[in-house]
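Atom set for the values below is all heavy atoms of this structure, side chains included, hydrogens, waters and symmetry mates excluded.
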Amino acid sequence: MMIRDTSAGYGVPTRVLHWGMAVAILGMYVLGLWMVDLNYYSPYYQLAPDIHRSIGMVLLTLLLGRFLWRIVNDKPDDSELSTMERTAARVVHWGFYPLLLALMISGYLMSTADGRAIEVFDWFSVPAIIENKGMEKPAGAAHALLAHLTILLVIVHALAALKHQFYDRSGVLGRMWSGSSSNR
Amino acid sequence: MRLTTATLALVAAVLAAPAVQAADYVIDTARAHASINFRIKHLGFSWLTGRFDKFNGTFTFDEAKPEASSVKVEIDPSSINTNHAERDNHLRGKDFLDTSAFPKASFESTSVKLDGDKAKITGNLTLHGVTKEVTIDATRIAGGPDPWGNHREGFTGTTNLRLKDFGINFDLGPASEVVELALEVEGVRQ
Ligand code: HEM
Ligand code: HEM
């Protein structure tokens, strides 16, 4: 079992984090849009935001861990890409980290602006660091905007991956899925 | 800026008028001796209270001619504060006040009827882009010199609003269709 990322492909932690977080982030987007439209008498009116905040805090932790893991590991060989493609891939890959960080922090700031802690699944609670009533307004606007931007970047990223997999037949999906690319 | 101009115009009018004239007061939001509070039933179980933190206004008041009094207030609806950040964002949003589309609320009196120290202040309230006539039941609490060389007048008032009348249709349940406003106003004579 490959643990570390090498020039040949991604190791298990990177792969699990990539696909686990991808599913969770897409799920969070749908959950976010759905929950703000619930009516007051919906049984999910309180539950859905509780789950959204809880998963958000877990994702924030995972993102930080993933970032550290990324910088202490090699990146798989991308020499099959043109210079432009390589630059684009790097911008998109590294772009995810600050974008997701800002998305999750804006959510945290919105929920904690009044000094309340965030209860994560009745498991532990994350206290408010900055109590600043009124901050929830810009934080909320930023949160919605950043969520849309994230999804936009995911679409670009996924289309690029699919293009390289099926058009260029570079086996890039395999590298993130099973750890090694099929045609090398 | 517009308010400053309005105040200046009022002051100028007062200076130009005969000596016995209604005095102009600025509502003391600068030192927060005024508040716009509301409460609404939560599912019929209890009262949820909140307020609008940012507003400003002026009034004219003359003890000798109280019917000539008038009041004008401008409110920033996005300053709504129910002591819960996420709820306040919901209240600012499209389901309720839609403050990005309607960034201002206001009240301007059209008539003041006095009965002892009780008054009925009728005027136009604009909220959520809808202007409707409302009547405030007001009481003059007291007026006189303060310890710092100014003259103050203080009032308290209440009125009820039906949310639907102002185009706010989010269903909070049958016990929560009306919001009660409680207004505490202290003005400093200019
Ligand atoms: C929320 C969704 C997603 C996020 C945040 C995301 C983020 C990332 C990041 C940051 C990398 C660089 C490696 C790393 O730092 O871990 C990466 C690589 C990759 N992603 Fe995604 N991704 C998402 C969804 C997807 C989807 C839907 C696909 C497939 C259609 C995909 C396919 C890939 C592939 C194939 C790689 C490896 C590229 C290479 O070999 O360098 N990702 N992704
Ligand atoms: C992957 C991370 C996240 C994604 C993709 C995401 C996505 C979204 C989306 C799309 C909305 C709906 C926005 C709207 O239409 O107004 C939303 C709302 C919300 N999010 Fe997130 N979110 C994430 C993380 C977080 C975190 C970490 C928190 C807080 C701890 C949070 C708290 C909230 C809250 C409180 C709302 C409701 C805002 C409202 O009532 O208008 N989110 N989120």
*Among the clusters formed by ILVMFWY side chains lying less than 4.5 Å apart, do A:Ile151 and A:Val92 turn up in the same one?*
yes
*Are more than 12 heavy atoms from other residues, nucleotides or ligands located less than 6.0 Å from atom CH2 of A:Trp69?*
yes
_Hydrophobic cluster identity match, A:Leu101 and A:Ile130, side-chain contacts under 4.5 Å_ = yes
_Are A:Ile155 and A:Tyr97 connected into the same hydrophobic cluster when the rule is that any two of I, L, V, M, F, W, Y join if their side-chain heavy atoms are below 4.5 Å apart?_
yes
Interface of chain A and chain B, donor-acceptor atom pairs under 3.5 Å:
unit_1	atom_1	unit_2	atom_2	d
A:Tyr40	OH	B:His42	NE2	2.9
A:Tyr45	OH	B:His90	ND1	3.2
A:Arg53	NH1	B:Glu86	OE1	2.6
A:Arg53	NH1	B:Glu86	OE2	2.9
A:Ser111	OG	B:Glu86	OE2	2.7
A:Asp114	OD2	B:Ala85	N	2.6
A:Arg116	NH1	B:Asn83	O	2.9
A:Arg116	NH2	B:Asn83	O	3.2
A:Lys133	NZ	B:Asp88	OD2	2.5
A:Glu136	O	B:Asn89	ND2	2.7
A:Glu136	OE2	B:Arg92	NH1	3.1
A:Glu136	OE2	B:Arg92	NH2	3.2

*Is A:Leu17 reachable from A:Leu68 through a run of I, L, V, M, F, W or Y residues, each pair having side-chain heavy atoms under 4.5 Å apart?*
yes
*Connected via hydrophobic side-chain network under 4.5 Å: A:Met84 and A:Leu81*: no
